[in-house]
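Chain naming here is simple, since letters A, B, ... match the order of the sequence lines and numbering starts at 1 in each. All values derive from a computational prediction rather than experimental measurement.
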There are 2 protein chains.
Amino acid sequence: MLTEQYNAYSFLLERTARRIKQYAQYQFNCGDFGITVDQWSILKSLRQHADLSQKELAEYCGKDQPTLTRIVDLLVGKNLVERRANPTDRRSFVVHLTPEGERKIDTLTVNINEIRMHAWQNLDEADFEHLKRILNTIYDNLDIGGKS
Amino acid sequence: MLTEQYNAYSFLLERTARRIKQYAQYQFNCGDFGITVDQWSILKSLRQHADLSQKELAEYCGKDQPTLTRIVDLLVGKNLVERRANPTDRRSFVVHLTPEGERKIDTLTVNINEIRMHAWQNLDEADFEHLKRILNTIYDNLDIGGKS
DNA sequence: CCCATATATTTGTCACACTAATTATTATTA
DNA sequence: TAATAATAATTAGTGTGACAAATATATGGG
């Protein structure tokens, strides 16, 4: 049965993704960063695009809205971001980095970049290009709703 | 900042893995398979290696033991597997496919292989080889405990 | 045999993903 | 304008992942 191999590839991909996250989270914990890997990705997104609405933030980070709501809850609890009224739409908030959030980013950026780098040892530019193309191909193959 | 790109690669990999699982689960739900993607991977493992202990099963599936315990609980609840006493070690069980579990596998295998295949359209053998090598390299780069 | 240590499983807690349903608000259109 | 549909955010429910602690059993050295 030849199609069995696709199961194997899927497995390999999921396993590797889990390991990347697990490794990063492990290092986060060792360094007492006081934050999870996913929370960090929200902060980083806000640094690059200030004051996004939760919906925009969800899309940008590739998370769904309920998940994003909860992550924002946790970040609010840590005083790293705050919800501000959206002047043009009272249904939505904009998520704003607090000064403490800004400081957190400045403090951790170098450490975290170094942690992230570990995954990619022994690989070269050509590998990255391959990987990027392959992953994007897969991603496009699986567009369920066609909402993009 | 050059190291930022590694964040992007990590993001891409996690996003693609999520999408693969999400797509498969979506199709599982559409087909009323009555089972999750992870539960399916347990059943498949048992088909290939009958009557593994939970620890062996966890290792083989790449899940940790508490997670596996809970998935087995769910499968037991659906009468697809059963826990049997391990004759050589009273601490452990062996997980055994019930006739209903066997039937479930036979019924779904063809459908699921087809679902899995969708992810890999527009890719060729060389791509698979690249991907496999790159993912395994990353996996090996991130061995935390060195327990393998 | 007794004790310390190791192992297999379970339980508890927190975080995240997905679905469905709810609420409040905005946009549309009849 | 009034009714309807669409949208942003939330909540609830289930499943999964990681980690720590608890329990029961095995195994080794004295």
Side-chain angles (χ1 to χ4, degrees), chain A residues 14-30 33-42 52-59 61-78 83-95 144-145 147, chain B residues 14-30 32-42 52-59 61-78 83-95 142 144-145 147:
Chain A
E14 283 173 27
R15 189 182 74 154
T16 306
R18 265 208 311 272
R19 175 90 94 163
I20 287 179
K21 189 168 177 178
Q22 179 189 9
Y23 176 83
Q25 189 60 57
Y26 174 80
Q27 297 295 342
F28 275 38
N29 294 342
C30 288
F33 292 180
I35 202 180
T36 68
V37 173
D38 295 281
Q39 288 162 21
W40 172 252
S41 80
I42 305 292
L52 293 174
S53 77
Q54 295 191 186
K55 181 180 176 57
E56 291 164 338
L57 201 47
E59 270 171 21
C61 302
K63 302 189 177 300
D64 54 274
Q65 288 191 42
T67 297
L68 194 107
T69 292
R70 287 181 182 112
I71 297 179
V72 169
D73 285 344
L74 293 169
L75 289 173
V76 168
K78 293 173 182 174
R83 288 187 170 95
R84 290 185 172 178
N86 184 340
T88 69
D89 188 340
R90 282 192 302 176
R91 287 172 304 185
S92 80
F93 301 103
V94 295
V95 184
I144 292 176
K147 51 184 166 179
Chain B
E14 284 173 26
R15 188 181 74 155
T16 306
R18 265 209 309 274
R19 176 89 91 161
I20 287 178
K21 189 168 177 178
Q22 178 189 8
Y23 176 81
Q25 189 60 57
Y26 174 79
Q27 297 294 341
F28 274 38
N29 294 341
C30 287
D32 273 321
F33 292 0
I35 202 180
T36 69
V37 174
D38 295 281
Q39 289 163 21
W40 173 252
S41 80
I42 306 293
L52 294 174
S53 77
Q54 296 191 184
K55 180 181 176 60
E56 290 164 336
L57 201 46
E59 269 170 21
C61 302
K63 302 187 178 300
D64 68 359
Q65 288 189 43
T67 298
L68 194 108
T69 291
R70 287 174 181 121
I71 296 179
V72 169
D73 284 344
L74 293 170
L75 289 173
V76 169
K78 294 173 181 173
R83 288 187 171 94
R84 290 185 172 177
N86 184 338
T88 69
D89 187 339
R90 282 193 301 177
R91 288 173 302 182
S92 80
F93 300 103
V94 297
V95 184
L142 300 183
I144 293 176
K147 50 185 166 181

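You'll find that the side chain of A/Ser92 is closest to D/dA9, out of C/dT19, D/dA26, D/dA9. Picking from C/dC16, D/dC19, D/dA26 the nucleotide with the shortest atom distance to the side chain of B/Arg90 gives D/dA26. Comparing C/dA8, C/dA15, D/dA18 against the side chain of A/Gln39 picks out C/dA15 as the nearest. Across C/dA24, D/dA18, D/dT10, the shortest atom-to-atom separation from the side chain of A/Phe93 is found for D/dT10. Checked against D/dG17, C/dT25, C/dA8, the side chain of A/Arg91 finds its nearest nucleotide in C/dT25. Checking C/dT25, C/dA6, C/dC16 against the side-chain heavy atoms of A/Asp38 singles out C/dC16 as nearest.
The two residues A/Gly34 and A/Lys78 come nearest to each other via the heavy atoms O-NZ, 3.3 Å. Here the closest non-hydrogen pair linking A/Ser41 and A/Cys61 is O-SG, 4.3 Å. Residues B/Ala85 and B/Val94 come closest through the heavy atom pair O-CG2, 4.3 Å. Taking all atoms of both residues into account, the shortest heavy-atom contact from A/Gln25 to A/Val37 is OE1-N, 2.9 Å. In this structure, B/Arg83 and B/Asp73 approach most closely via the heavy-atom pair NH2-OD1, 2.9 Å.
When the P atom of D/dT11 is taken as reference, atom CD of A/Gln54 falls 11 Å away, rounded to whole Å. The CG atom of B/Leu52 sits 13 Å away from the P atom of C/dA8 (whole-angstrom rounding). Between the P atom of C/dA24 and the CZ atom of A/Arg83 lies a distance of 17 Å, rounded to the nearest Å. Per the geometry, CZ belonging to B/Phe28 stands 14 Å off P belonging to C/dT19, to the nearest Å. Nucleotide D/dT10 holds its P atom 13 Å from the CG atom of A/Asn86, rounded to whole Å. The CZ-P distance, from A/Arg19 to D/dC19, rounds to 11 Å in whole Å. C/dT13 atom P lies 17 Å from atom CG of B/Asp64, rounded to whole Å. Atom-to-atom, OH of A/Tyr23 to P of D/dC19 comes out at 13 Å; the value is rounded to the nearest Å.
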* Run the side chain to side chain contact (heavy atoms under 4.5 Å, CB included) check on A/Phe28 and A/Trp40 step by step: do they pass? -> CA-CA 10 Å; A/Phe28 275 38; A/Trp40 172 252; 3.9 Å; yes

Side chain to side chain contact (heavy atoms under 4.5 Å, CB included) for B/Gln65 and B/Gln54? Distances and angles first, verdict last. CA-CA 7 Å; B/Gln65 288 189 43; B/Gln54 296 191 184; 5.9 Å; no

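Nucleic acid contact for A/Asn29: none, since no nucleic acid atom lies under 4.0 Å from a heavy atom of the residue. B/Gln65 comes within 4.0 angstrom of a nucleotide base, judged by non-hydrogen atoms across all strands.
Residue B/Lys55 places no side-chain N or O under 4.0 Å from the OP1 or OP2 atom of C/dT9. For the pair B/Gln22 and C/dC18, the criterion of a side-chain N or O lying under 4.0 Å from OP1 or OP2 is met. Phosphate proximity of D/dT16 to B/Lys63: absent, as no side-chain N or O sits under 4.0 Å from OP1 or OP2.
The 5' end of DNA chain D is approached more closely, in terms of each residue's nearest nucleotide, by A/Glu56 than by the other of A/Glu56 and A/Glu14. Projected onto DNA chain C by closest heavy-atom contact, B/Arg18 and B/Ser53 fall at different nucleotides, the more 5' of which corresponds to B/Ser53.
Nucleotide C/dA30: paired with D/dT1 (Watson-Crick or G-U wobble, both distances less than 3.5 Å).
Within residues 66-74 of chain A, the residues having any heavy atom closer than 4.0 Å to DNA chain C are, in order of number, A/Pro66, A/Thr67, A/Arg70, A/Ile71, A/Leu74.
For the atom pair CZ (B/Arg18) and NZ (A/Lys63), the distance works out to 4.5 Å, reported to the nearest 0.5 Å.
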